[in-house]
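It should be emphasised that the depicted structure is a prediction, and the values quoted were computed from it without experimental measurement. Quick note on labels: first sequence line is chain A, next is B, and so on, each numbered from 1.
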Amino acid sequence: MLSSAQTTPRLLRSPTTTAAAAALKCSSQIITTRKSLISRQTSAVDLAKSFLHRLRRTEPQLNSFLYVPPDEAVLKQAEDLDKKIKNNEELGPLAGVLVGIKDNICTYDMPSTAGSKLLENYRPPYDATAVRKLRACGAIVVGKTNLDEFGMGSTTEASAYQVTANPWDLSRVPGGSSGGSAAAVSARQCMVSLGSDTGGSVRQPASFCGVVGLKPTYGRVSRYGLVSYASSLDVIGCFGSSVADAGILLNSISGHDKNDATSSSREVPDYASQFLEIDDLESKPLKGLRVGVIRETLEDGVDLEVISSVRDAVSHLEELGCLVTEVSLPSFSLGLPAYYILASSESSSNLSRYDGVRYGNQVFGDELNSLYGDSRAQGFGSEVKMRILMGTYALSAGYYDAYYKRAQQVRTIIRNSFKEALDKNDILISPAAPSVAYKIGEKKNDPLAMYAGDIMTVNVNLAGLPALVLPCGFVEGGSKGLPVGIQMIGAAFDEEKLLKIGHIFEQTLQGCSFVPPIVADEWTP
Amino acid sequence: MALTLLRGLKTHSFRLYPSLHFTRNHGVLYFSTKSTQGQTATREKQHTRLKVSSKPESVKFDEISKNYEAVIGIETHVQLSTLTKAFCSCPYNYGSQPNTSVCPICMGLPGALPVLNTKVIEYAVKLGLALNCSLSLNSKFDRKQYFYPDLPKGYQISQFDIPIALGGYLDVDLPVEFGGGHRKFGVTRVHMEEDAGKLLHTGNGNYSQENYYFLLIGIVDLNRAGVPLLEIVSEPDMRTGIEAAEYAAELQRLVRYLGVSNGNMQEGSLRCDVNISIRPIGQLEFGTKVEIKNLNSFSSMSRAIDFEISRQALLHSLGQADEIVQETRLWEEGAQKTVTMRKKEGLADYRYFPEPDLPSVNLSEEYVNEIRDSLPELPEMKRRRYENMGLSMQDVLFLTNDVNVAAFFDATIATGADVKLATNWIMGDVAAYLKNEKLSINDIKLTAHELGELIASIKSGTISGKIGKEILFELMAKGGTVEGLIKEKDLVQIVDPTEIEKIVDKVLANNPKQLEQYRGGKTKLQGFFAGQVMKETKGKANPGLLNKILLDRLNSKS
């Protein structure tokens, strides 16, 4: 049992209290949208207009998007949808849902730069599988979101184009690398968004921006069309303002893809079926569920306020009926170095295609070598160059065994230790990040400090497991406090359980509104 | 490797005396096909390899060479004839317009991922088994990393430490002209990988142009990028150019027998890089190794090796052995010499690591056995079988050289035709026809069944050998059946002595003058009479019978 049993009443609401229940239909933008469209309460065009309006208003301060198509392009799709509704045609599960797409995910009709100068104005000839599936479900893409170049970074400060601001406090980073996608959902610039998560790039910004971030099991979602950073770790993940939205979004993009040999052919369960209305909940809806709190994630190096928020959340889970124990993963601290070696190694290879021959500005020198060298020197940002150098070094003859091979061995150890812990527990709990959002520029010149911030998330990628991050409280900062995220880690391909627990947790969390100040006035869920 | 490719591009002037540049003419017979057409027919006339030139330098050179032994290993790339590329669904057709058979995957576009074409594994297993290798049931793909404009991803998907097949050998029967003999050459490994694109050369492929690379950028054809290859690495078991060429020819034969590649060297479906070093006879350690590229035929391979042996031997004999450096040399067909292409600047570091985009390759014993059971009869087995039928090695090598010819031969003897007769027909008139018409045996209308019929008809005396020949050409060009043609043209041989007697008598009666001369001692005229009889019978008279009766008649009244 956890020692800190005292709870903070303001966060809690007894699950049995049904009065003023925040019913599911209100918490899920996707479901709300669907209902209001079908009932003709609103039109897809009006909905799109209101989002585009908010996007245009907030974007100058936030810089979440690298590209937003002309309004007409978005409204045209909404009009087509309204026609379908008028004709009582069948609607896709994401009909009218406005989606932001991280700019390292290919879209045939918009540039896909991966935040890099080397891919400036690059337009892929195809849609990523995830995007194709979203569109097939009726979603409307409202733009491409900012990121650290090629997904390498934790703040969006490594974007070659712009720095995104945190909607809770514009002087702070939104996290990264999917900072644009997180900020956009947080500021209601779009309903949901896609990000990618190689070492925490969905979960950490979700935590910083107070939104739900879902990193699926490796192989659950096709990577086809995701600009590779570290192939064995990369996954496309989901952002939503509710667990239900993240779950429904995941549902629409999951499944085997013949274009991705690492995508799993396991059947995709209907994640939406997990989302019970609050009225239907029993008094102890999570009774008997075994929750393991990872001891190593609540120790030195983690902000005390973060620790206390997470402990409160754990108490809340206990009240919901969970059996909470503390588990130790001694290999946890090994994850960070192993991750940075493996991710850098793979990235040094994945990024060799950006050689100045096909992409980026060709810088001609006296010989072929200088074409490569100079084009790459000018095209890549310093963070990317550093990782390419690290990765190249780790894979070099004579160093391979000491670095790459050893890191792979560590990865196996980590995977096994998670497996063991998850055999005994339904889920594992940790903070999503050791701190809340920090100031822009704060860690820019201290890469090691920034890397250390990934400690909570990288292990999950090394183990290939699914993890859900959802806001669980606030710490002081900004005008209305800064959100803290809790991370729930599940067994491989058990997203269902994460979503079920996350949803009930969210529904029963009282007194928390995770709408940032920048849009608080106009956003009424 | 490629990073350094264009640094040392200046051609080094060649050091040997011009007179040493092979006055020796090596017309070499390779029992293999040079193109898909008319192979078996294109036997080059061979000269003996050791023909001594009249030039004194050459004599001296041969003396020098005698003291050295060459150690030769070969890396062969075989392009697989799968319908689609290794990791995407683009087809590959040699010679199509540049960049017309490409997609995001083989172009290496951001976000595109490879998915393995399982035919590649099947073909690799086939070749691995045919090369007597042990198969790795659990292998994987790795990335081999280097920069070059024809490599769109900046790495090649290949296999590094766990190739799909390891430790085999290849049986070779050397041509009789070169002393014959059986050899077993070791095969180190077979691994799967993808081909690179092609730089569209503007000129004559001269690598020595300054700033050459400016020409490369933007003129890369990616049609070939991602085409599946098998790389076969031999042990350094070859000692002569002939051995090396025969190893390569046997490999070509093997992939054609297996149907995994067309093995065409001109189109680059089969590419050989030769590693060669020489050492004084008796020395155990290897000398400095040189790699030779740009070998477009088996004969150029053999000639390039012989050239390289003599070049290195001369340097040794002049005390300049240290001028033999580890480098890549190009064979220049026009000048008949090798020239420096690039010097190695230390060992290239390809930074191999496991390809994370592809799952490991796991084969079940069952799968392997299934493929093993489905293997066709391979050249070596065929040669031993033909040998046991009593055929000479020359015949054996000819027949087994082309899988289609071998199949034709097998089908012919399956009709009951005499083995030696079938061999003679195929190696003689059929082969000559194929050569003249530049056809392959599958292009002609003649079927094995009809050749069998033809042989039987001659044997039974229904038609004469001469008529048989005529029919054969008709069968090859137009098709039809032996029986049909015989009937249609009324070609049945006249074997009735009385009928022949009648005609002989008629001819003698019609040519009294000649008869008188014959009987006066000009016995050569027998041929004239025989010709007249043949003319009269349209060639159908049985020659033996005819001659016997003719002689009888000519001499009886003398």
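For the atom pair CG (Leu342(A)) and CZ (Phe353(B)), the distance works out to 9.5 Å, reported to the nearest 0.5 Å. Atom NZ in Lys153(B) sits 10.0 Å away from atom OG in Ser352(A) (nearest 0.5 Å). Put simply, OH on Tyr372(A) and OH on Tyr148(B) are 8.0 Å apart, with the number rounded to the nearest 0.5 Å.
Applying the 6.0 Å contact sphere to NZ of Lys385(A) captures more than 12 heavy atoms from other residues, nucleotides or ligands. Counting non-hydrogen atoms of other residues, nucleotides and ligands closer than 6.0 Å to OH of Tyr403(A) gives a total of 12 or fewer. The number of heavy atoms from other shown groups lying within 6.0 Å of CZ (Arg415(A)) is above 12.
If you check the side chains of Arg353(A) and Tyr155(B), you find a donor sitting under 3.5 Å from an acceptor.
Of the two parts of Tyr122(A), only the side chain, counted from C-beta on, holds a non-hydrogen atom closer than 4.5 Å to a non-hydrogen atom of chain B. Neither the backbone nor the side chain of Ser112(A) comes within contact range of chain B; no heavy atom of the residue lies under 4.5 Å from a heavy atom of that chain. Heavy atoms of Lys405(A) lying under 4.5 Å from chain B are absent altogether. Contact annotation for Ala128(A): neither backbone nor side-chain heavy atoms come within less than 4.5 Å of a heavy atom of chain B.
Looking at Asn350(A) and Arg143(B), their side chains come closer than 4.5 Å, going by heavy atoms from C-beta outward. Counting heavy atoms from C-beta outward, Phe147(B) and Arg376(A) have side chains that approach closer than 4.5 Å. In this structure the side chain of Tyr224(A) never reaches within 4.5 angstrom of the side chain of Val115(B), judged on heavy atoms. Between Pro110(B) and Leu119(A), the closest side-chain pair of non-hydrogen atoms falls below 4.5 Å.
Annotation: maximal heavy-atom pairing with chain A below 4.5 Å, among Gly154(B), Pro152(B), Pro354(B), occurs at Pro152(B). For the set Leu358(B), Leu151(B), Leu113(B), the count of heavy-atom pairs under 4.5 angstrom toward chain A peaks at Leu113(B). Interface check for chain B: of the options Ala230(A), Ala114(A), Gly225(A), Ser232(A), the most heavy-atom pairs under 4.5 Å are formed by Gly225(A).
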